[in-house]
Trainee: 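Structure in structure tokens, see below.
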Amino acid sequence: MQTPFTNLTFCIRTFGCQMNKHDSERIAGMLEGLGALPVEAIEDADIVAFMTCCVREAADTRLYGQVASLKNVPLRTGSPLAKRIVAVGGCIGQRDGEKLVEELPHLDVVFGTHNLGSLPRLIEAAVEEGGHQVEVLDAASSFPTELPTAREHDWAAWLPITIGCNNFCSYCIVPYVRGREKSRPLEDIAAEAERYVAAGVKEITLLGQNVNSYGRDLYGAPRFDAVLDALDATGVERLRFATSHPKDLTDGVIERFAKLRSLMPALHLPVQSGSDAVLAAMNRRYTRAHYLDLVRKLRAACPGIALSTDVIVGFPGETAKDFEDTFRLVDEVGYHQVFTFIYSKREGTPAAKMEDSTPREVVQERFDRLVDLVQTRAFEANQADLGSVVDVLVEGASKRDGGLLAGKSPKNQTVHAPVPSGSTAEALAGSIVPVRIDEARTWYLAGEVVDGR
Ligand code: SAH
Ligand code: SF4
Ligand code: F3S
């Protein structure tokens, strides 16, 4: 079937969180479905789409540079188009709308987080009519998961169960660019999961800004524990989810780490700060003591569970004592991984109006001290696996050394091992192999593939 997209090539550049990465898979799915061909390099692409993020300032400014520099990249020879189509979507598209084409006049298409499905129509209009095609909606009319998806790997799938966020943490732009939280019916989630499992998917990651509040807007208010049970029942090998808000993590979900065969022993539980005063100013609605209690319960239910977290350093008004509380909390929990961020002011959020007088150097110093601690603790956490055999879901050849395979342990650690003789990393990709760990570093484990156990 000929469509206006037949013989066109496209390339998508994605910034930001898994939700954005997943939205990119949906866009790729749509464009491929219409006959367009994915390419890696911008030079080869007739259509370039940027899926943008504005959660911190750095991501924001990077986009403007990247789109501006595109102007000097000539269209490939043989392109059916007279000029390359440049589209900006995702969170900056949603936030800035028309403003984007004023600042970047060579942009053709702007779309937002609520209308991924309109992209082909907007591209078509830009090709046929020229000019700027800008469409940003205030709220989603349907769940974007009704769109097809082109997944990055055959054996892993992201599965959104909610979109949007109702939490309004005082520093965060996400509720403004992703809209109110909306849950997807449990039957739809289970049906999509079953299709993935039938197609050979080994690992499913449930997605939402706060998966723990799943279902509050649905008839009968199904809970997140019911989603976990339904997913486990599909027979999927590995189940993960992100992200969890500590205020909504229930005992029911914690118990599932002990009970469900497929639920992997790893949890990302963003703490943001270890100071009650800062947590209150952030509008996080839990205390340090509550968070530490969750950690205790998780470790009782699932000894050895790998915990990871997000921390913001330098929130407005953070005192030396507040920071010490955060430092002590990170020290005490002993995370496998901590994503550390320096506070970035986002216009339109409540925190942007808060007095922020801590000098940059002081914030940087706190940040550097925390990063050192995070590395020490991550190194120590990984030592627990020395000598044990872990099941590794192989992702392919290691980027560090092509003779090694790379994959993920149940705790989500990166694992390297020499490719067994007679096989290749590519052939093993997507399978689960047992690896005996003989080396444990800060950010990876290494060992040898063993035959059974
Ligand atoms: N919904 C998820 C992800 C939010 S964005 C969650 O609640 O965990 C991912 C991380 O970015 C947040 O956890 C937070 O640590 C960080 N972040 C968000 N806004 C920020 C800001 N204005 N400055 C610095 N870091 C920020
Ligand atoms: Fe942002 Fe808070 Fe919502 Fe996460 S829970 S997306 S940090 S407002
Ligand atoms: Fe960024 Fe939007 Fe995700 S702002 S973190 S891409 S929801």
Side-chain angles (χ1 to χ4, degrees), residues 151-159 193-206 228 231-242 256-268 298-299 301-308 334-337 377-453:
R151 281 179 288 110
E152 189 182 344
H153 300 301
D154 293 338
W155 65 88
W158 285 316
L159 207 165
E194 276 160 16
R195 279 200 301 278
Y196 286 146
V197 174
V201 165
K202 298 275 172 60
E203 176 173 288
I204 292 180
T205 304
L206 303 174
L228 292 176
L231 263 286
D232 190 63
T234 63
V236 68
E237 298 249 5
R238 291 184 166 197
L239 179 60
R240 303 182 188 277
F241 57 86
R256 298 270 180 313
F257 280 101
K259 285 207 312 230
L260 297 186
R261 168 200 53 80
S262 62
L263 189 58
M264 290 290 107
L267 177 67
H268 186 62
L298 283 159
R299 289 197 164 136
C302 181
I305 189 169
L307 298 174
S308 57
Y335 292 100
H336 272 73
Q337 190 162 19
R377 283 284 174 263
F379 180 83
E380 290 167 3
N382 279 342
Q383 302 312 306
D385 294 304
L386 270 181
S388 64
V389 175
V390 303
D391 284 330
V392 175
L393 176 55
V394 179
E395 297 182 338
S398 155
K399 290 192 190 92
R400 214 165 42 108
D401 172 348
L404 296 176
L405 56 82
K408 286 281 162 49
S409 72
K411 293 185 202 169
N412 219 15
Q413 296 138 303
T414 295
V415 181
H416 293 154
V419 177
S421 60
S423 190
T424 65
E426 291 69 31
L428 287 170
S431 56
I432 294 176
V433 299
V435 174
R436 184 179 307 283
I437 303 301
D438 54 30
E439 190 186 344
R441 300 291 182 102
T442 307
W443 301 129
Y444 69 91
L445 305 173
E448 302 274 340
V449 176
V450 291
D451 294 328
R453 30 189 74 201

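Excluded from the calculations below are hydrogen atoms, water molecules and symmetry mates; all remaining heavy atoms, backbone and side chain alike, are included. Throughout, residue positions are numbered sequentially from 1 according to the sequence presented. As the structure is a prediction and not an experimental result, all values here were calculated from the model.
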Trainee: Measure across Ala427 and Thr424 and return the closest heavy-atom pair with its distance rounded to 0.1 Å.
Mentor: N-OG1, 2.9 Å

Trainee: Do Pro420 and Leu428 have side-chain heavy atoms sitting under 4.5 Å apart?
Mentor: yes

Trainee: Is the closest side-chain donor-acceptor distance between Ser308 and His268 under 3.5 Å?
Mentor: yes

Trainee: Are side-chain heavy atoms of Tyr444 and Glu439 found at a separation under 4.5 Å?
Mentor: yes

Trainee: Is there a side-chain contact (heavy atoms from CB on, under 4.5 Å) between Val390 and Gln413? Walk through the geometry before answering.
Mentor: CA-CA 10 Å; Val390 303; Gln413 296 138 303; 5.7 Å; no

Trainee: Working to the nearest 0.5 angstrom, can you tell me the gap between Thr442 OG1 and Glu380 CD?
Mentor: 9.5 Å

Trainee: Considering non-hydrogen atoms only, spot the tightest contact between Ala425 and Leu405 and give its length.
Mentor: CB-CB, 4.3 Å

Trainee: Taking distance alone, no hydrogens or angles, what donor-acceptor pairs closer than 3.5 Å link side-chain atoms of residues 392-400 to residues at least two apart or in another chain?
Mentor:
from: Ser398; atom 1: OG; to: Arg400; atom 2: N; distance (Å): 3.0
from: Ser398; atom 1: OG; to: Asp401; atom 2: N; distance (Å): 3.3
from: Arg400; atom 1: NH2; to: His416; atom 2: ND1; distance (Å): 3.0

Trainee: Take Leu298 and Phe257, measure what side-chain contact (heavy atoms from CB on, under 4.5 Å) needs, and give me the verdict at the end.
Mentor: CA-CA 8 Å; Leu298 283 159; Phe257 280 101; 3.9 Å; yes

Trainee: Can you tell me how far the CG atom of Leu445 sits from the CG atom of Leu386, to the nearest 0.5 Å?
Mentor: 8.0 Å

Trainee: Could you tell me the separation between the CG atom of Leu239 and the CG atom of Leu228, rounded to the nearest 0.5 Å?
Mentor: 6.0 Å

Trainee: Less than 4.5 Å apart, side chain to side chain, heavy atoms only: is that true for Lys411 and Asp385?
Mentor: yes

Trainee: Can you name the side-chain contact (heavy atoms from CB on, under 4.5 Å) partners of Ala193, sequence neighbours left out?
Mentor: Leu159, Ile204, Leu231, Thr234

Trainee: Ala156 and Arg151: which non-hydrogen atoms are nearest, and at how many Å?
Mentor: O-NH1, 3.5 Å

Trainee: Apply side-chain contact (heavy atoms from CB on, under 4.5 Å) to Leu263 and Phe241, showing your working.
Mentor: CA-CA 9 Å; Leu263 189 58; Phe241 57 86; 3.8 Å; yes

Trainee: Look only at the side chain of Arg441 and the backbone of Trp443, and say whether a donor-acceptor pair between them is shorter than 3.5 Å.
Mentor: no

Trainee: Could you report the tightest heavy-atom contact between Val435 and Ala417, atom names first, then the distance?
Mentor: CG1-CB, 4.1 Å

Trainee: Pro410 and Ala266: which non-hydrogen atoms are nearest, and at how many Å?
Mentor: O-CB, 4.1 Å

Trainee: I'd like to know whether CG of Asp438 has more than 12 heavy-atom contacts from other residues, nucleotides or ligands below 6.0 angstrom.
Mentor: yes

Trainee: Rounded to the nearest 0.5 Å, what separates atom CD in Glu203 from atom CG in Asn412?
Mentor: 6.5 Å

Trainee: With side-chain hydrogen bond (donor to acceptor under 3.5 Å, both in side chains) as the rule and sequence neighbours excluded, what pairs involving residues 256-267 come up?
Mentor: Asp229-Arg256, Asp232-Ser262

Trainee: Backbone N or O of Arg238 within a donor-acceptor pair of the Lys202 side chain at under 3.5 Å?
Mentor: no

Trainee: Using 0.5 Å steps for rounding, measure from the NE2 atom of His336 to the CG atom of Asn382.
Mentor: 5.0 Å

